[in-house]
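Just so it is clear, the model here is predicted, and its values are computed rather than measured. Basis for what follows: all heavy atoms, side chains included, without hydrogens, waters or symmetry-related copies.
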Amino acid sequence: MAFLLVSAYLLLTHTQGAPVENGALLETLKSQVGFFNNKSEHYSAQVRPPGTNRRIPQTIIIGVRKGGTRALLEMLDIHPNIVVATTEVHFFDWDENYVKGIDWYRNLMPFSYENQITIEKTPGYFTSPQAPERIHDMNSSIKLLLILRDPTERVISDYTQVYYNRLESHKRVQPFEEIVIKNGALNTKYKAIQRSLYDIHMEKWLKHFNLDQIHIVDGNTLIKDPLPELQKVETFLNLPSRIMSSNFYFNQTKGFYCIRSDGRERCLHESKGRPHPVVNNTVLEQLYSYFREHNAKFYRMVNHSFDWH
């Protein structure tokens, strides 16, 4: 950032041909490159391209955690009419960010042209009690993307992420079964299980948004065959079809699809696709049984069924 500011200083003083007061120049440069001085905010070294602005997202990926939100965002970023916020903003679910106001939120978005849609994703929104109303207050006609996967698989993936995070922090880890089963019964208070109760969370969203404003992406299908799911998103967002099968290739080592665009190939971060623990069949059946009724209710709410256990 210092290098960028110095370079900009030399450019400005050279082109203007006259000295500029340091304070005024610094403020000018900060606004030009999108510099933030709050440590809790993201630093941006973007120089604003002519004809662009930072815009409030027209679409938000609201969840679900461990549902495939990062894969969805990266794949949509292929589309020339989409620009994405690269980090999870947590504006609508964290009070300490929400109180900073809508201008703070806008300034965390990438620069975009008039014909582009800005998308941000924060998986925590789906399960947040406050997020639906807050997003509705910002834009009642916004389009929302929700990517879901089999609830039991999502619980195991949730556990796996925490497991590896604790290992890396040299903290004690517990086997999956010890967390999920308490006193011989399913531990339904376990946060990972709570997050997979899609019907309960969806009910809150449908109090503020029409169902046709929420497009549900099948996370299980996306990782096996990305293109059909992405084409449905293009249609939902009223975008021309620009994402092609040639944009994807299957990585045998990682076991999932990677992205090919703009002459580059890239895969998701190594933390994605980590091996899951082998779970006791009896515990799996308890989870399947517990989610079955919730899944059926969810199917009725969204007028669509999924191939979940």
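Through side-chain heavy atoms spaced under 4.5 Å, either directly or across other Ile, Leu, Val, Met, Phe, Trp or Tyr residues, V278 is tied to no other residue.
The backbone N or O of D218 lies less than 3.5 Å from no partner atom in the side chain of R149, so there is not a single donor-acceptor pair. With hydrogens and angles disregarded, a donor-acceptor distance shorter than 3.5 Å links the side chain of K143 to the backbone of F236. With hydrogens and angles ignored, the 3.5 Å screen pairs a side-chain donor or acceptor of N107 with a backbone N or O of D103. The closest donor-acceptor contact from the side chain of N210 to the backbone of D212 lies at 3.5 Å or more, if one exists at all. The backbone N or O of W94 lies less than 3.5 Å from no partner atom in the side chain of N97, so there is not a single donor-acceptor pair. Under a 3.5 Å cut-off, the side chain of T69 and the backbone N or O of R65 do not form any donor-acceptor pair. Side-chain N or O atoms of E153 include none that pairs as donor or acceptor with a backbone N or O of D150 at under 3.5 Å.
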* **Test side-chain contact (heavy atoms from CB on, under 4.5 Å) applied to Q213 and L144, step by step** => CA-CA 6 Å; Q213 289 179 255; L144 304 172; 5.6 Å; no

* To do: For the pair Y105 and E120, evaluate side-chain hydrogen bond (donor to acceptor under 3.5 Å, both in side chains) and give the outcome as yes or no after the intermediate values.
  => CA-CA 11 Å; Y105 181 55; E120 79 113 327; 2.7 Å; yes

* Dump the intermediate steps for side-chain contact (heavy atoms from CB on, under 4.5 Å) on L230 and L72, then the final yes or no. => CA-CA 8 Å; L230 295 169; L72 177 60; 4.0 Å; yes

* Asked: Where do E229 and K224 land on the salt bridge (Lys or Arg N to Asp or Glu O under 4.0 Å) test, with the steps shown first?
  -> CA-CA 10 Å; E229 288 300 312; K224 296 174 186 175; over 6 Å; no

* For the pair M138 and I102, evaluate side-chain contact (heavy atoms from CB on, under 4.5 Å) and give the outcome as yes or no after the intermediate values. => CA-CA 8 Å; M138 177 191 74; I102 200 71; 3.8 Å; yes

* I would like to know whether L148 and V217 meet side-chain contact (heavy atoms from CB on, under 4.5 Å); could you show each step before the answer? => CA-CA 6 Å; L148 300 175; V217 179; over 6 Å; no

* **Trace of the ring pair (Phe, Tyr, Trp, His ring centres under 6.0 Å) decision for F209 with H136** => CA-CA 7 Å; F209 297 97; H136 183 271; 5.5 Å; yes

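Note that CD1 of I259 is 8.5 Å distant from CG of N247, once rounded to the nearest 0.5 Å. Note that CG of L211 and NE2 of H304 are 11.0 Å apart. Values are rounded to the nearest 0.5 Å. Note that NE2 of H79 and CZ of R242 are 6.0 Å apart. Values are rounded to the nearest 0.5 Å. The distance from atom CD1 of I60 to atom OG1 of T118, rounded to the nearest 0.5 Å, is 11.0 Å. For the atom pair CG of N295 and CZ of R300, the computed distance is 10.5 Å after rounding to the nearest 0.5 Å. A distance of 10.0 Å separates CD1 of I142 from OG of S140, quoted to the nearest 0.5 Å.
When all heavy atoms are compared, the tightest approach of V84 to P110 is O-CG, 3.5 Å. S128 approaches A131 most closely through the heavy-atom pair OG-N, 3.2 Å. Pairing each heavy atom of N251 with each of T253, the nearest pair is OD1-N, 3.0 Å. Heavy-atom minimum distance, P277 versus T160: CD-OG1, 3.3 Å. Listed here is the closest heavy atom pair of V155 and A192: CG2-O, 3.4 Å. Between Y113 and G51 the shortest heavy-atom distance is CD2-O, 3.7 Å.
Residue pairs meeting the side chain to side chain donor-acceptor pair (under 3.5 Å) criterion with at least one partner in residues 184-200, sequence neighbours excluded, are R154-S196, D158-R195, D199-H294.
Each of I243, T235, L237 was compared with L239 under the side-chain contact (heavy atoms from CB on, under 4.5 Å) criterion, and only L237 meets it. Shown are W205, F126, Y125; of these, the ring-ring contact (aromatic ring centres under 6.0 Å, His included) with F92 is made only by Y125.
Both M109 and Y98 are members of a single hydrophobic cluster when ILVMFWY side chains are connected at heavy-atom separations under 4.5 Å. V64 and I119 fall into different hydrophobic clusters, where Ile, Leu, Val, Met, Phe, Trp and Tyr residues are linked whenever their side-chain heavy atoms come under 4.5 Å apart, directly or through other members. When hydrophobic clusters are built by joining Ile, Leu, Val, Met, Phe, Trp and Tyr residues whose side-chain heavy atoms come closer than 4.5 Å, directly or via intermediates, I193 is not grouped with V162. Hydrophobic clustering of Ile, Leu, Val, Met, Phe, Trp and Tyr side chains at less than 4.5 Å, counting indirect connections, unites I156 with I181. Under a hydrophobic clustering in which Ile, Leu, Val, Met, Phe, Trp and Tyr are joined whenever their side-chain heavy atoms come within less than 4.5 Å, directly or via other members, I61 and I223 fall into different clusters.
No side-chain heavy atom of I62 sits under 4.5 Å from any side-chain heavy atom of T122. In this structure the side chain of H276 reaches within 4.5 angstrom of the side chain of S157, judged on heavy atoms. Side-chain contact between I214 and M202 is present, with heavy atoms from C-beta onward closer than 4.5 Å. Between I216 and F298, the closest side-chain pair of non-hydrogen atoms falls below 4.5 Å. R70 has its side chain within reach of L268: a pair of non-hydrogen atoms, C-beta onward, lies under 4.5 Å apart. Looking at heavy atoms from C-beta onward, L73 lies out of side-chain contact with D77 at the 4.5 angstrom threshold. Looking only at side-chain heavy atoms (C-beta outward), I56 and R106 come within less than 4.5 Å of each other. Residues R260 and F248 have side chains not in contact (no heavy-atom distance under 4.5 Å, counting atoms from C-beta outward).
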Residues 165-173, side-chain donor-acceptor partners within the protein, below 3.5 Å, at least two apart:
| unit_1 | atom_1 | unit_2 | atom_2 | d |
| --- | --- | --- | --- | --- |
| N165 | ND2 | Q161 | O | 3.3 |
| R166 | NE | R172 | O | 2.6 |
| R166 | NH2 | R172 | O | 3.0 |
| E168 | OE2 | R274 | NH2 | 2.9 |
| S169 | OG | N165 | O | 3.0 |

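Within a 6.0 Å sphere centred on CD of E96, heavy atoms belonging to other residues, nucleotides or ligands number more than 12. Remark: Q116 CD is packed, more than 12 non-hydrogen atoms of other residues, nucleotides or ligands lying under 6.0 Å away.
Ionic pairing of R134 and D95 is present here: one or more N-O contacts between side-chain nitrogen and carboxylate oxygen are shorter than 4.0 angstrom. Ion pair K121/E88 flagged as a salt bridge, since at least one NZ, NE, NH1 or NH2 atom sits closer than 4.0 Å to an Asp/Glu carboxylate oxygen. Using a cutoff of 4.0 Å between basic side-chain nitrogens and carboxylate oxygens, R266 and E74 are scored as salt-bridged. Using a cut-off of 4.0 Å between Lys/Arg side-chain N and Asp/Glu carboxylate O, K182 and E177 are scored as not salt-bridged.
Counted by atom type alone, N53 and R48 present one or more donor-acceptor pairs between their side chains at under 3.5 Å.
Two rings, from Y163 and F176, have their centers 6.0 Å or more apart.
Under the 30°/60° scheme for interplanar angles, the aromatic rings of Y257 and F250 are found to stand perpendicular.
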